[in-house]
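First the structure, in the form of C-alpha coordinates, and then the observations on it.
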Amino acid sequence: MYIGIDLGTSGVKVVLADDSQTIVASHTASLKASYPQSGWAEQNADDWISATDAAMRALAAEHPALMGGVRGIGLSGQQHGATFVAEDHSALRPCMLWNDTRSHVQATKLDANPLFRERIGNIVFPGFTAPKVQWVRENEPDVFNRTTMVLLPKDFLRLWLTGEAVSDMSDASGTGWLNVAKRDWDDELLVETGLTRKNMPRLIEGSEASGEVRGELASKWGLSAGVVVAGGGGDNAASAVGQGIVAPGSAFVSLGTSGVLFAVNDAYKPNAASAVHTFCHALPDTWHQMGVILSAAGSMEWLSGVLGKPASELSNMAGALPTTPSAVQFLPYLSGERTPHNDASIRGAFIGLGVEHGPADMARAVMEGVAFAFRDNLEALRQAGTELDSVVAVGGGSRSETWLQIMAASLNLPVNVPADGDYGGAFGAARLGRLAATGEEITSIATPPPIVRTVEPDAAMAQTYGNAYARWKPLYGAVSSVTAQS
(Lines give C-alpha, C1' and ligand atoms only; values in the text may rest on other atoms or scores of the structure.)
Protein backbone atom coordinates (compact mmCIF):
# COMPACT_ATOMS: atom_id res chain seq x y z
CA MET A 1 0.00 0.00 0.00
CA TYR A 2 1.10 3.58 -0.70
CA ILE A 3 -0.19 6.92 0.50
CA GLY A 4 -0.24 10.25 -1.32
CA ILE A 5 -0.69 13.50 0.59
CA ASP A 6 -1.64 16.62 -1.39
CA LEU A 7 -1.45 19.89 0.52
CA GLY A 8 -3.63 22.34 -1.36
CA THR A 9 -4.89 25.81 -0.52
CA SER A 10 -8.42 24.68 0.31
CA GLY A 11 -7.61 21.33 1.91
CA VAL A 12 -5.32 18.38 2.50
CA LYS A 13 -6.22 15.30 0.50
CA VAL A 14 -4.82 11.85 1.28
CA VAL A 15 -5.27 8.76 -0.88
CA LEU A 16 -4.49 5.12 -0.17
CA ALA A 17 -3.44 3.16 -3.27
CA ASP A 18 -2.83 -0.57 -3.50
CA ASP A 19 -0.21 -2.48 -5.44
CA SER A 20 -2.34 -2.40 -8.61
CA GLN A 21 -2.48 1.42 -8.36
CA THR A 22 -6.16 1.40 -7.48
CA ILE A 23 -7.22 4.12 -5.05
CA VAL A 24 -8.79 2.20 -2.17
CA ALA A 25 -9.78 5.23 -0.09
CA SER A 26 -9.36 8.97 0.11
CA HIS A 27 -10.12 11.64 2.66
CA THR A 28 -9.94 15.43 2.58
CA ALA A 29 -9.67 17.83 5.49
CA SER A 30 -10.50 21.43 4.68
CA LEU A 31 -8.27 24.45 5.12
CA LYS A 32 -8.96 28.16 5.12
CA ALA A 33 -6.78 31.01 3.91
CA SER A 34 -6.92 34.54 5.30
CA TYR A 35 -6.65 37.78 3.38
CA PRO A 36 -5.68 40.47 5.90
CA GLN A 37 -5.13 43.16 3.25
CA SER A 38 -5.57 43.56 -0.47
CA GLY A 39 -2.99 41.38 -2.22
CA TRP A 40 -2.18 39.39 0.94
CA ALA A 41 -2.94 35.67 1.28
CA GLU A 42 -1.86 33.67 4.32
CA GLN A 43 -2.39 30.32 5.99
CA ASN A 44 -1.37 29.00 9.40
CA ALA A 45 1.18 26.22 8.98
CA ASP A 46 -0.09 24.44 12.09
CA ASP A 47 -3.44 24.04 10.31
CA TRP A 48 -1.66 21.91 7.65
CA ILE A 49 -0.51 19.56 10.40
CA SER A 50 -3.94 19.36 12.02
CA ALA A 51 -5.65 18.72 8.67
CA THR A 52 -3.14 16.05 7.64
CA ASP A 53 -3.45 14.30 10.98
CA ALA A 54 -7.25 14.36 10.71
CA ALA A 55 -7.21 12.89 7.19
CA MET A 56 -4.68 10.22 8.13
CA ARG A 57 -6.67 9.24 11.22
CA ALA A 58 -9.77 8.93 9.03
CA LEU A 59 -7.87 6.58 6.72
CA ALA A 60 -6.67 4.54 9.68
CA ALA A 61 -10.17 4.28 11.14
CA GLU A 62 -11.63 3.12 7.82
CA HIS A 63 -8.83 0.70 6.80
CA PRO A 64 -6.82 -0.25 9.90
CA ALA A 65 -5.60 -3.55 8.42
CA LEU A 66 -4.34 -1.93 5.21
CA MET A 67 -2.40 0.83 7.00
CA GLY A 68 0.04 -1.74 8.34
CA GLY A 69 0.99 -2.61 4.76
CA VAL A 70 1.94 0.93 3.74
CA ARG A 71 5.54 1.06 2.47
CA GLY A 72 5.84 4.58 1.12
CA ILE A 73 4.28 8.04 1.36
CA GLY A 74 4.60 10.81 -1.22
CA LEU A 75 3.93 14.53 -0.91
CA SER A 76 2.40 17.02 -3.31
CA GLY A 77 1.93 20.65 -2.43
CA GLN A 78 0.91 24.16 -3.33
CA GLN A 79 4.01 25.92 -4.56
CA HIS A 80 5.86 29.15 -3.74
CA GLY A 81 4.67 29.59 -0.14
CA ALA A 82 7.13 31.11 2.33
CA THR A 83 7.14 29.38 5.72
CA PHE A 84 9.54 30.97 8.19
CA VAL A 85 10.78 28.29 10.59
CA ALA A 86 12.37 28.82 14.01
CA GLU A 87 15.10 26.71 15.58
CA ASP A 88 12.48 24.58 17.38
CA HIS A 89 10.80 23.81 14.02
CA SER A 90 7.80 26.05 14.73
CA ALA A 91 6.44 28.53 12.20
CA LEU A 92 7.25 32.13 13.14
CA ARG A 93 4.38 33.72 11.22
CA PRO A 94 1.55 32.63 8.90
CA CYS A 95 2.80 31.28 5.59
CA MET A 96 2.64 33.74 2.69
CA LEU A 97 0.85 31.77 -0.03
CA TRP A 98 1.39 31.42 -3.77
CA ASN A 99 -1.26 34.07 -4.51
CA ASP A 100 0.16 36.61 -2.06
CA THR A 101 1.42 39.51 -4.21
CA ARG A 102 2.42 42.05 -1.57
CA SER A 103 6.08 41.59 -2.54
CA HIS A 104 5.63 42.93 -6.09
CA VAL A 105 8.12 45.75 -5.47
CA GLN A 106 10.72 43.30 -4.14
CA ALA A 107 10.05 40.94 -7.06
CA THR A 108 10.66 43.73 -9.58
CA LYS A 109 13.96 44.63 -7.90
CA LEU A 110 15.17 41.02 -7.83
CA ASP A 111 14.10 40.47 -11.44
CA ALA A 112 16.11 43.54 -12.46
CA ASN A 113 19.24 41.66 -11.40
CA PRO A 114 20.17 39.70 -14.56
CA LEU A 115 21.60 36.87 -12.47
CA PHE A 116 18.12 35.74 -11.48
CA ARG A 117 16.69 35.07 -14.94
CA GLU A 118 20.06 33.65 -16.02
CA ARG A 119 20.16 31.15 -13.15
CA ILE A 120 16.49 30.31 -12.48
CA GLY A 121 15.31 30.49 -16.10
CA ASN A 122 12.16 32.36 -15.06
CA ILE A 123 10.86 35.80 -14.30
CA VAL A 124 10.93 36.52 -10.57
CA PHE A 125 7.17 36.66 -10.07
CA PRO A 126 5.69 38.28 -6.93
CA GLY A 127 4.22 34.86 -6.11
CA PHE A 128 7.67 33.25 -5.87
CA THR A 129 9.23 32.62 -2.46
CA ALA A 130 12.35 34.78 -2.71
CA PRO A 131 10.59 38.18 -2.98
CA LYS A 132 8.35 37.24 -0.05
CA VAL A 133 11.42 36.59 2.07
CA GLN A 134 12.82 39.94 1.00
CA TRP A 135 9.52 41.61 2.02
CA VAL A 136 9.73 40.05 5.49
CA ARG A 137 13.38 41.03 5.73
CA GLU A 138 12.42 44.65 5.08
CA ASN A 139 9.12 44.82 6.95
CA GLU A 140 9.34 42.23 9.75
CA PRO A 141 13.03 42.16 10.70
CA ASP A 142 12.36 40.42 14.02
CA VAL A 143 10.80 37.45 12.20
CA PHE A 144 13.58 37.40 9.64
CA ASN A 145 16.32 37.47 12.27
CA ARG A 146 14.78 34.53 14.16
CA THR A 147 14.37 32.44 11.01
CA THR A 148 16.63 29.40 10.76
CA MET A 149 15.01 27.87 7.69
CA VAL A 150 12.62 28.88 4.93
CA LEU A 151 10.45 25.96 3.81
CA LEU A 152 7.80 25.44 1.17
CA PRO A 153 4.40 24.28 2.50
CA LYS A 154 4.72 20.55 1.79
CA ASP A 155 8.28 20.60 3.13
CA PHE A 156 7.11 22.07 6.44
CA LEU A 157 4.67 19.15 6.55
CA ARG A 158 7.59 16.78 5.82
CA LEU A 159 9.57 18.31 8.69
CA TRP A 160 6.73 17.30 11.03
CA LEU A 161 6.36 13.87 9.41
CA THR A 162 10.04 12.89 9.42
CA GLY A 163 12.07 15.49 11.30
CA GLU A 164 14.03 16.08 8.06
CA ALA A 165 14.38 19.43 6.27
CA VAL A 166 14.22 18.37 2.62
CA SER A 167 12.76 19.70 -0.62
CA ASP A 168 12.45 18.27 -4.10
CA MET A 169 13.66 19.82 -7.35
CA SER A 170 10.25 20.62 -8.84
CA ASP A 171 8.93 22.55 -5.84
CA ALA A 172 12.29 24.28 -5.27
CA SER A 173 12.18 25.52 -8.88
CA GLY A 174 9.47 27.99 -7.90
CA THR A 175 11.38 29.67 -5.11
CA GLY A 176 13.65 31.99 -7.11
CA TRP A 177 16.81 30.46 -5.60
CA LEU A 178 17.26 27.25 -7.57
CA ASN A 179 19.65 27.01 -10.48
CA VAL A 180 17.16 25.06 -12.57
CA ALA A 181 19.73 23.83 -15.10
CA LYS A 182 22.12 22.55 -12.41
CA ARG A 183 19.36 21.38 -10.02
CA ASP A 184 21.03 23.00 -7.02
CA TRP A 185 20.63 26.04 -4.78
CA ASP A 186 22.41 29.12 -6.09
CA ASP A 187 24.52 30.71 -3.37
CA GLU A 188 24.69 34.14 -5.02
CA LEU A 189 20.91 34.37 -5.35
CA LEU A 190 20.39 33.34 -1.73
CA VAL A 191 22.71 36.14 -0.58
CA GLU A 192 20.51 38.66 -2.42
CA THR A 193 17.74 37.93 0.09
CA GLY A 194 19.98 37.67 3.14
CA LEU A 195 20.14 33.87 3.25
CA THR A 196 22.74 31.17 2.82
CA ARG A 197 22.60 27.48 2.00
CA LYS A 198 22.32 26.65 5.72
CA ASN A 199 18.84 28.24 5.68
CA MET A 200 17.72 25.91 2.91
CA PRO A 201 16.47 22.31 3.04
CA ARG A 202 18.51 19.51 1.50
CA LEU A 203 17.58 18.87 -2.15
CA ILE A 204 16.62 15.48 -3.61
CA GLU A 205 14.65 14.19 -6.59
CA GLY A 206 10.94 13.65 -6.11
CA SER A 207 11.22 9.88 -6.47
CA GLU A 208 13.97 9.57 -3.85
CA ALA A 209 13.53 8.90 -0.13
CA SER A 210 13.73 11.94 2.16
CA GLY A 211 13.34 10.10 5.46
CA GLU A 212 10.98 7.88 7.42
CA VAL A 213 7.75 8.61 9.28
CA ARG A 214 8.44 9.40 12.92
CA GLY A 215 7.62 6.56 15.32
CA GLU A 216 5.03 8.58 17.23
CA LEU A 217 3.01 9.27 14.09
CA ALA A 218 3.44 5.75 12.73
CA SER A 219 1.99 4.32 15.94
CA LYS A 220 -0.94 6.75 15.89
CA TRP A 221 -1.87 5.87 12.30
CA GLY A 222 -1.19 2.14 12.48
CA LEU A 223 1.84 2.25 10.17
CA SER A 224 4.76 -0.14 10.42
CA ALA A 225 8.17 1.19 11.36
CA GLY A 226 10.38 2.48 8.56
CA VAL A 227 7.74 3.85 6.17
CA VAL A 228 9.62 5.93 3.56
CA VAL A 229 8.58 9.49 2.69
CA ALA A 230 9.47 10.49 -0.89
CA GLY A 231 10.73 13.85 -2.03
CA GLY A 232 7.40 14.39 -3.78
CA GLY A 233 6.67 17.35 -6.01
CA GLY A 234 4.99 20.65 -6.56
CA ASP A 235 1.29 20.24 -7.32
CA ASN A 236 1.52 20.46 -11.11
CA ALA A 237 4.54 18.15 -11.34
CA ALA A 238 2.91 15.63 -9.00
CA SER A 239 -0.31 15.78 -11.02
CA ALA A 240 1.73 15.10 -14.16
CA VAL A 241 3.18 12.00 -12.51
CA GLY A 242 -0.37 10.94 -11.64
CA GLN A 243 -1.41 11.38 -15.27
CA GLY A 244 1.66 9.61 -16.62
CA ILE A 245 2.97 12.82 -18.21
CA VAL A 246 6.62 11.93 -17.66
CA ALA A 247 8.16 11.27 -21.09
CA PRO A 248 9.66 14.12 -23.14
CA GLY A 249 7.07 15.51 -25.52
CA SER A 250 4.08 14.48 -23.41
CA ALA A 251 1.79 17.26 -22.25
CA PHE A 252 -1.48 18.09 -20.57
CA VAL A 253 -3.79 21.07 -20.75
CA SER A 254 -5.73 21.79 -17.57
CA LEU A 255 -9.07 23.57 -17.90
CA GLY A 256 -9.46 24.26 -14.21
CA THR A 257 -10.31 27.56 -12.55
CA SER A 258 -6.89 28.64 -13.75
CA GLY A 259 -5.29 26.98 -16.76
CA VAL A 260 -1.99 25.22 -17.30
CA LEU A 261 -0.29 23.93 -20.43
CA PHE A 262 2.33 21.52 -19.07
CA ALA A 263 5.00 19.96 -21.32
CA VAL A 264 7.81 17.56 -20.38
CA ASN A 265 11.37 18.06 -21.66
CA ASP A 266 14.58 16.06 -21.41
CA ALA A 267 16.61 19.29 -21.35
CA TYR A 268 16.51 22.74 -19.78
CA LYS A 269 14.69 25.07 -22.23
CA PRO A 270 13.92 28.44 -20.63
CA ASN A 271 11.83 31.22 -22.15
CA ALA A 272 11.52 33.75 -19.36
CA ALA A 273 10.75 36.63 -21.73
CA SER A 274 7.35 35.08 -22.52
CA ALA A 275 6.57 34.29 -18.86
CA VAL A 276 6.94 30.55 -19.42
CA HIS A 277 7.68 28.63 -16.24
CA THR A 278 10.71 26.38 -16.75
CA PHE A 279 11.01 24.03 -13.78
CA CYS A 280 12.61 20.74 -12.89
CA HIS A 281 10.15 17.85 -13.06
CA ALA A 282 9.63 15.67 -10.00
CA LEU A 283 11.74 12.97 -11.69
CA PRO A 284 15.51 12.81 -12.34
CA ASP A 285 17.04 14.36 -15.47
CA THR A 286 13.68 15.76 -16.56
CA TRP A 287 12.34 19.30 -16.79
CA HIS A 288 9.00 20.78 -17.67
CA GLN A 289 7.61 23.99 -19.05
CA MET A 290 4.31 25.56 -18.07
CA GLY A 291 2.23 28.25 -19.62
CA VAL A 292 -0.21 29.60 -17.05
CA ILE A 293 -3.61 31.25 -17.61
CA LEU A 294 -5.05 32.88 -14.51
CA SER A 295 -8.74 32.61 -15.54
CA ALA A 296 -9.53 29.53 -17.65
CA ALA A 297 -12.70 27.74 -16.53
CA GLY A 298 -12.81 30.53 -13.98
CA SER A 299 -13.90 32.81 -16.83
CA MET A 300 -16.97 30.62 -17.41
CA GLU A 301 -17.62 30.52 -13.67
CA TRP A 302 -17.53 34.32 -13.66
CA LEU A 303 -19.96 34.53 -16.59
CA SER A 304 -22.21 32.02 -14.83
CA GLY A 305 -22.40 34.31 -11.81
CA VAL A 306 -23.05 37.41 -13.89
CA LEU A 307 -25.82 35.84 -15.98
CA GLY A 308 -27.26 33.70 -13.20
CA LYS A 309 -27.05 30.53 -15.28
CA PRO A 310 -25.09 27.35 -14.44
CA ALA A 311 -21.85 26.98 -16.35
CA SER A 312 -23.05 23.64 -17.75
CA GLU A 313 -26.14 25.34 -19.17
CA LEU A 314 -24.04 28.07 -20.77
CA SER A 315 -21.80 25.41 -22.28
CA ASN A 316 -24.82 23.69 -23.82
CA MET A 317 -26.18 26.99 -25.09
CA ALA A 318 -22.90 27.69 -26.86
CA GLY A 319 -23.67 24.96 -29.40
CA ALA A 320 -22.60 21.39 -29.95
CA LEU A 321 -20.12 21.48 -32.83
CA PRO A 322 -18.91 24.98 -33.71
CA THR A 323 -17.69 25.25 -37.29
CA THR A 324 -16.81 28.92 -37.35
CA PRO A 325 -15.60 31.23 -34.58
CA SER A 326 -17.99 33.61 -32.87
CA ALA A 327 -18.24 37.21 -34.04
CA VAL A 328 -17.83 38.20 -30.37
CA GLN A 329 -14.32 38.07 -28.92
CA PHE A 330 -13.31 37.73 -25.28
CA LEU A 331 -10.06 38.39 -23.45
CA PRO A 332 -9.93 36.14 -20.35
CA TYR A 333 -7.76 38.48 -18.27
CA LEU A 334 -10.17 38.82 -15.35
CA SER A 335 -7.33 38.59 -12.79
CA GLY A 336 -4.48 39.77 -15.00
CA GLU A 337 -2.44 37.29 -17.02
CA ARG A 338 0.72 35.26 -16.57
CA THR A 339 1.84 33.69 -19.88
CA PRO A 340 2.88 35.29 -22.16
CA HIS A 341 2.23 38.81 -20.86
CA ASN A 342 3.18 38.80 -17.16
CA ASP A 343 0.69 41.63 -16.68
CA ALA A 344 -1.07 41.89 -13.32
CA SER A 345 -2.99 45.03 -14.31
CA ILE A 346 -4.56 43.85 -17.58
CA ARG A 347 -8.28 43.11 -17.38
CA GLY A 348 -10.75 41.16 -19.49
CA ALA A 349 -13.04 42.43 -22.20
CA PHE A 350 -15.80 41.47 -24.61
CA ILE A 351 -15.29 42.95 -28.05
CA GLY A 352 -17.84 43.03 -30.86
CA LEU A 353 -21.02 42.77 -28.77
CA GLY A 354 -24.17 43.87 -30.56
CA VAL A 355 -27.87 44.01 -29.78
CA GLU A 356 -28.24 40.69 -31.60
CA HIS A 357 -25.97 38.88 -29.14
CA GLY A 358 -27.00 37.08 -25.97
CA PRO A 359 -25.77 34.60 -23.36
CA ALA A 360 -25.02 31.87 -25.91
CA ASP A 361 -22.74 34.20 -27.89
CA MET A 362 -20.97 35.32 -24.74
CA ALA A 363 -20.44 31.71 -23.63
CA ARG A 364 -18.97 30.81 -27.02
CA ALA A 365 -16.72 33.87 -26.88
CA VAL A 366 -15.46 32.88 -23.42
CA MET A 367 -14.63 29.36 -24.58
CA GLU A 368 -12.82 30.67 -27.64
CA GLY A 369 -10.97 33.40 -25.73
CA VAL A 370 -9.64 30.85 -23.24
CA ALA A 371 -8.64 28.53 -26.10
CA PHE A 372 -6.80 31.39 -27.81
CA ALA A 373 -5.01 32.18 -24.54
CA PHE A 374 -3.85 28.55 -24.50
CA ARG A 375 -2.67 29.03 -28.10
CA ASP A 376 -0.60 31.95 -26.78
CA ASN A 377 0.91 29.50 -24.28
CA LEU A 378 1.61 26.97 -27.02
CA GLU A 379 3.40 29.59 -29.12
CA ALA A 380 5.49 30.61 -26.10
CA LEU A 381 6.54 26.98 -25.59
CA ARG A 382 7.40 26.70 -29.27
CA GLN A 383 9.66 29.73 -28.97
CA ALA A 384 11.56 27.77 -26.33
CA GLY A 385 12.00 24.83 -28.69
CA THR A 386 9.15 22.62 -27.49
CA GLU A 387 6.90 20.99 -30.07
CA LEU A 388 3.86 18.95 -29.09
CA ASP A 389 2.05 16.22 -31.04
CA SER A 390 -1.01 16.11 -28.77
CA VAL A 391 -2.26 17.07 -25.32
CA VAL A 392 -4.28 15.33 -22.62
CA ALA A 393 -7.25 17.39 -21.39
CA VAL A 394 -7.96 17.50 -17.66
CA GLY A 395 -9.97 19.73 -15.35
CA GLY A 396 -13.64 20.60 -15.10
CA GLY A 397 -13.78 22.43 -18.42
CA SER A 398 -12.69 19.28 -20.25
CA ARG A 399 -16.14 17.79 -19.63
CA SER A 400 -17.56 20.15 -22.28
CA GLU A 401 -17.51 18.58 -25.74
CA THR A 402 -17.87 22.02 -27.33
CA TRP A 403 -14.86 23.32 -25.47
CA LEU A 404 -12.78 20.30 -26.46
CA GLN A 405 -13.67 20.86 -30.13
CA ILE A 406 -12.69 24.52 -29.85
CA MET A 407 -9.44 23.64 -28.08
CA ALA A 408 -8.47 21.08 -30.73
CA ALA A 409 -9.15 23.57 -33.53
CA SER A 410 -7.42 26.49 -31.79
CA LEU A 411 -4.29 24.51 -30.90
CA ASN A 412 -4.48 22.47 -34.12
CA LEU A 413 -3.54 19.45 -32.01
CA PRO A 414 -5.33 16.22 -31.10
CA VAL A 415 -6.85 16.46 -27.62
CA ASN A 416 -6.88 13.16 -25.72
CA VAL A 417 -9.57 12.53 -23.14
CA PRO A 418 -8.58 10.13 -20.34
CA ALA A 419 -10.85 7.66 -18.61
CA ASP A 420 -12.67 8.97 -15.57
CA GLY A 421 -10.65 8.70 -12.41
CA ASP A 422 -8.54 10.53 -9.88
CA TYR A 423 -5.15 11.19 -11.43
CA GLY A 424 -4.32 14.38 -9.54
CA GLY A 425 -1.58 15.47 -7.18
CA ALA A 426 -2.40 13.04 -4.37
CA PHE A 427 -2.30 10.04 -6.73
CA GLY A 428 0.94 11.29 -8.28
CA ALA A 429 2.38 11.68 -4.78
CA ALA A 430 1.42 8.07 -3.97
CA ARG A 431 3.28 6.96 -7.09
CA LEU A 432 6.36 8.92 -5.99
CA GLY A 433 6.09 7.32 -2.55
CA ARG A 434 6.07 3.91 -4.20
CA LEU A 435 9.10 4.73 -6.36
CA ALA A 436 11.03 5.92 -3.30
CA ALA A 437 10.17 2.77 -1.36
CA THR A 438 10.72 0.18 -4.10
CA GLY A 439 13.15 1.66 -6.60
CA GLU A 440 11.00 0.41 -9.48
CA GLU A 441 11.38 1.80 -13.00
CA ILE A 442 9.60 5.13 -13.32
CA THR A 443 8.00 4.26 -16.66
CA SER A 444 6.53 1.06 -15.26
CA ILE A 445 4.73 2.94 -12.47
CA ALA A 446 3.98 6.43 -13.83
CA THR A 447 1.84 5.16 -16.69
CA PRO A 448 -0.91 7.24 -18.32
CA PRO A 449 -4.58 6.36 -17.80
CA PRO A 450 -6.50 4.80 -20.69
CA ILE A 451 -7.50 7.31 -23.34
CA VAL A 452 -11.20 6.83 -24.05
CA ARG A 453 -11.28 9.04 -27.12
CA THR A 454 -9.35 11.63 -29.06
CA VAL A 455 -10.79 14.89 -30.38
CA GLU A 456 -8.99 15.44 -33.66
CA PRO A 457 -8.77 18.97 -35.07
CA ASP A 458 -10.99 19.31 -38.13
CA ALA A 459 -8.82 20.74 -40.93
CA ALA A 460 -11.33 23.40 -41.97
CA MET A 461 -12.04 24.41 -38.38
CA ALA A 462 -8.32 24.58 -37.60
CA GLN A 463 -7.81 27.02 -40.46
CA THR A 464 -10.71 29.29 -39.53
CA TYR A 465 -9.77 29.22 -35.84
CA GLY A 466 -6.16 29.92 -36.74
CA ASN A 467 -7.30 32.99 -38.64
CA ALA A 468 -9.51 34.02 -35.73
CA TYR A 469 -6.57 33.65 -33.35
CA ALA A 470 -4.51 35.96 -35.58
CA ARG A 471 -7.28 38.58 -35.28
CA TRP A 472 -7.63 38.02 -31.52
CA LYS A 473 -3.96 38.23 -30.62
CA PRO A 474 -3.46 42.02 -31.15
CA LEU A 475 -6.41 42.80 -28.85
CA TYR A 476 -4.17 42.47 -25.78
CA GLY A 477 -2.18 45.53 -26.86
CA ALA A 478 -5.34 47.56 -27.47
CA VAL A 479 -6.90 46.72 -24.12
CA SER A 480 -3.55 47.12 -22.35
CA SER A 481 -3.21 50.68 -23.64
CA VAL A 482 -6.65 51.52 -22.27
CA THR A 483 -5.90 49.85 -18.93
CA ALA A 484 -2.63 51.77 -18.63
CA GLN A 485 -4.46 55.08 -19.09
CA SER A 486 -7.23 54.36 -16.61
Q.
Has N139 got a side-chain atom pairing as donor or acceptor with W135's backbone, closer than 3.5 angstrom?
A. yes
Q. More than 12 heavy atoms of other residues, nucleotides or ligands under 6.0 Å from CD of E441: is that the case?
A. no
Q) Is there a donor-acceptor contact under 3.5 Å from the side chain of T286 to the main chain of P284? A) yes
Q. Can you find a heavy atom in the side chain of W185 that is under 4.5 Å from one in the side chain of L178?
A. yes
Q) In terms of side-chain heavy atoms, does N412 have a donor or acceptor partner in Y465 at a distance below 3.5 Å? A) no
Q: Could you tell me whether a side-chain N or O of S410 sits under 3.5 Å from a main-chain N or O of M407, the two making a donor and an acceptor?
A: no
Q. Less than 4.5 Å apart, any side-chain heavy atom of V479 and any of R347?
A. no
(Q) Would the distance check show the side chain of S173 and the main-chain N or O of M169 forming a donor-acceptor pair, the cut-off being under 3.5 Å? (A) yes
**Q.** Polar side-chain atom of W287 near backbone of V180 as donor-acceptor pair, under 3.5 Å
**A.** yes
**Q.** Within 6.0 Å of CZ in R117, more than 12 heavy atoms from elsewhere
**A.** yes
Q: Please check if the side chain of S10 supplies one atom and the backbone of L31 the other of a donor-acceptor pair under 3.5 Å.
A: no
Q) Above 12 or not: heavy atoms from other molecules or residues under 6.0 Å from CD of E62? A) yes
Q) Are side-chain N/O atoms of E368 and S326 paired as donor and acceptor at under 3.5 Å? A) no
Q | Electrostatic pair K32-D47, nearest N-O below 4.0 angstrom | A | no
Q.
Quick one: does any side-chain atom of S103 pair with a main-chain N or O of P126 as donor and acceptor, under 3.5 Å?
A. yes
Q: Could you tell me how the ring of W472 sits relative to the ring of Y333: parallel (under 30°), tilted (30 to 60°) or perpendicular (over 60°)?
A: tilted
Q | Geometric class of the F128/F125 ring pair [parallel <30°, tilted 30-60°, perpendicular >60°] | A | perpendicular
Q: Return yes if a side-chain donor-acceptor contact under 3.5 Å exists between T278 and N122, otherwise no.
A: no
**Q.** pair V246-V264: side-chain heavy atoms closer than 4.5 Å
**A.** no
Q. So, for F262 and H281, is the gap between ring centers shorter than 6.0 Å?
A. yes
**Q.** Side-chain donor-acceptor contact under 3.5 Å, S400 with T402
**A.** no
Q | D100 and K132 ion-paired at < 4.0 Å | A | no
Q. When you check the side-chain N and O atoms of E379 and Q383, is any donor under 3.5 Å from an acceptor?
A. no
Q) Does some side-chain heavy atom of L203 sit less than 4.5 Å from a side-chain heavy atom of D184? A) yes
Q.
Quick check: closest heavy atoms across L404 and A393, and the distance to 0.1 Å?
A. CD2-CB, 3.8 Å
Q: Report yes or no: do T9 and W98 form a side-chain donor-acceptor pair below 3.5 Å?
A: yes
(Q) Donor-acceptor check, side chain of N467 to backbone of T464, threshold 3.5 angstrom: yes or no? (A) no
Q. Do Q134 and K109 come close enough that some side-chain heavy atom pair is under 4.5 Å?
A. no
Q) So do the side chains of F330 and L303 get within less than 4.5 Å of each other, counting heavy atoms only? A) no
Q. What are the two closest non-hydrogen atoms of W48 and V12, and how far apart are they?
A. O-CG2, 4.2 Å
Q) Hey, are Y476 and D343 close enough side-chain-wise for a donor-acceptor pair under 3.5 Å? A) yes
Q: For residues F279 and Q79, determine if any side-chain heavy atom of one lies less than 4.5 Å from a side-chain heavy atom of the other.
A: yes
Q.
Determine whether a donor-acceptor pair (N or O, by modelled atom type, separation under 3.5 Å) exists between the side chain of R434 and the backbone of G74.
A. no
Q | Lys/Arg-Asp/Glu bridge criterion (N-O < 4.0 Å) met for R102, E42 | A | yes
(Q) Less than 4.0 angstrom from a charged side-chain N to a carboxylate O is my criterion; do R158 and D155 meet it? (A) yes
Q: Give a yes or no answer on whether the side chain of Q289 reaches the backbone of K269 with a donor-acceptor pair at less than 3.5 Å.
A: yes
Q) Between K154 and S167, is any pair of side-chain heavy atoms under 4.5 Å apart? A) yes
Report all side-chain donor-acceptor pairs from residues 231-243 shorter than 3.5 Å, counting only partners two or more places apart or in another chain.
from	atom 1	to	atom 2	distance (Å)
S239	OG	D235	O	2.9
S239	OG	G425	N	3.2

